[in-house]
Amino acid sequence: MNKKILASICALFILASASPIFATDATTNKTAVLTDTQLAKLNATQTKLTDLVTKIESLKTQYGNTTKAKGLIIALNNTEKQANKLNSQITAYKANPTKPVNAKIRAFQHKTYELQWKVAVIEKILKKVANKTVKHVNS
C-alpha cells in the first residue's frame, strides 16, 4: 500500500509540474515605473528562486543515483525549469513593468512560494524513500 501511495504522490507531482501555473493574464498593458520597494521585492523573489534552483541541483546530485526516486527527480527537473522560467519572467518584467505592479509582484511571489513548497515536499519524500530499508523475511 505504501508503494501505491508513493506512486500516486509522484504522479501528482509530475502532473502538477506540467500544469500551466505561468498562464498569462489579460490585464492592461500600461507601462509603469517601479519604486525602490517594488524593485527590492522583485530582487528578493529572484534571490529565493536562485536559492531554490541551487537546492534542486543539490537534491538531484544527492538522490540522482537512487532508482526508487526516478519519478521524483523528473518532478525536480520540471520544477527547476519552472523556477528558471519564472526568474526570466521577473527579469523581463523589471525591464518593462506594466500595471498593476503590486498585483503582478504578488503573483510572482505566490508562484515562488508554490515552487518552494513543491520542492520541500519532494525533499521529504526523497528522504523517506532513500532511508527506507528492506525487511528480509527468513523462511
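Because only heavy atoms are used, hydrogens play no part in the values below, and waters and symmetry mates are left out as well, while side chains stay in.
Of the N and O atoms on the side chains of Thr98 and Lys30, not one donor lies less than 3.5 Å from an acceptor on the other residue. Residues Asn102 and Lys41 have side chains that never bring a donor and an acceptor to within less than 3.5 angstrom of each other.
Counting heavy atoms from C-beta on, the side chains of Lys94 and Asn43 come closer than 4.5 Å. For the pair Ile73/Leu76, a side-chain contact is recorded, criterion being any heavy-atom separation below 4.5 Å from C-beta on. At least one side-chain heavy atom of Thr112 sits under 4.5 Å from a side-chain heavy atom of Gln116.
Side-chain heavy atoms closer than 4.5 Å link hydrophobic residues (I, L, V, M, F, W, Y) into clusters, and following such links, even through other members, never connects Tyr113 to Trp117. Under the 4.5 Å side-chain heavy-atom criterion for grouping Ile, Leu, Val, Met, Phe, Trp and Tyr, Phe108 is not connected to Val33 through any hydrophobic cluster.
Checked by atom type and distance alone, the side chain of Thr35 pairs as donor or acceptor with a backbone atom of Gln38 at under 3.5 Å. For Tyr63 (side chain) and Leu72 (main-chain N/O), no donor-acceptor pair under 3.5 Å exists by modelled atom type.
We find the CG-CG distance between Leu86 and Leu49 to be 5.0 Å, quoted to the nearest 0.5 Å. A distance of 11.5 Å separates NZ of Lys104 from CG of Leu42, quoted to the nearest 0.5 Å. Summarising the geometry, atom CD1 belonging to Ile90 is positioned 9.0 Å from atom NZ belonging to Lys111; distances are rounded to the nearest 0.5 Å. Atom OG1 of Thr45 sits about 4.5 Å away from atom CD of Gln109, to the nearest 0.5 Å.
Between Ile122 and Ala75, the shortest heavy-atom contact is CD1-CB, 3.8 Å. Across all their heavy atoms, Tyr93 and Val101 have their closest contact at OH-CA, 3.3 Å.
For the side-chain contact (heavy atoms from CB on, under 4.5 Å) test, residues two or more places apart in sequence or in another chain that qualify with Glu57 are Val53, Glu80. Residues passing the side-chain contact (heavy atoms from CB on, under 4.5 Å) test with Thr91, sequence neighbours excluded: Gln46, Asn87.
Residues in residues 47-56 take part in these salt bridge (Lys or Arg N to Asp or Glu O under 4.0 Å) pairs, two or more places apart or across chains: Lys55-Glu123.
Between Leu52 and the choices Thr54, Thr50, Ile56, the side chain to side chain contact (heavy atoms under 4.5 Å, CB included) rule is met once, by Ile56.
Surrounding NZ of Lys70 are at most 12 heavy atoms belonging to other residues, nucleotides or ligands under 6.0 Å away.
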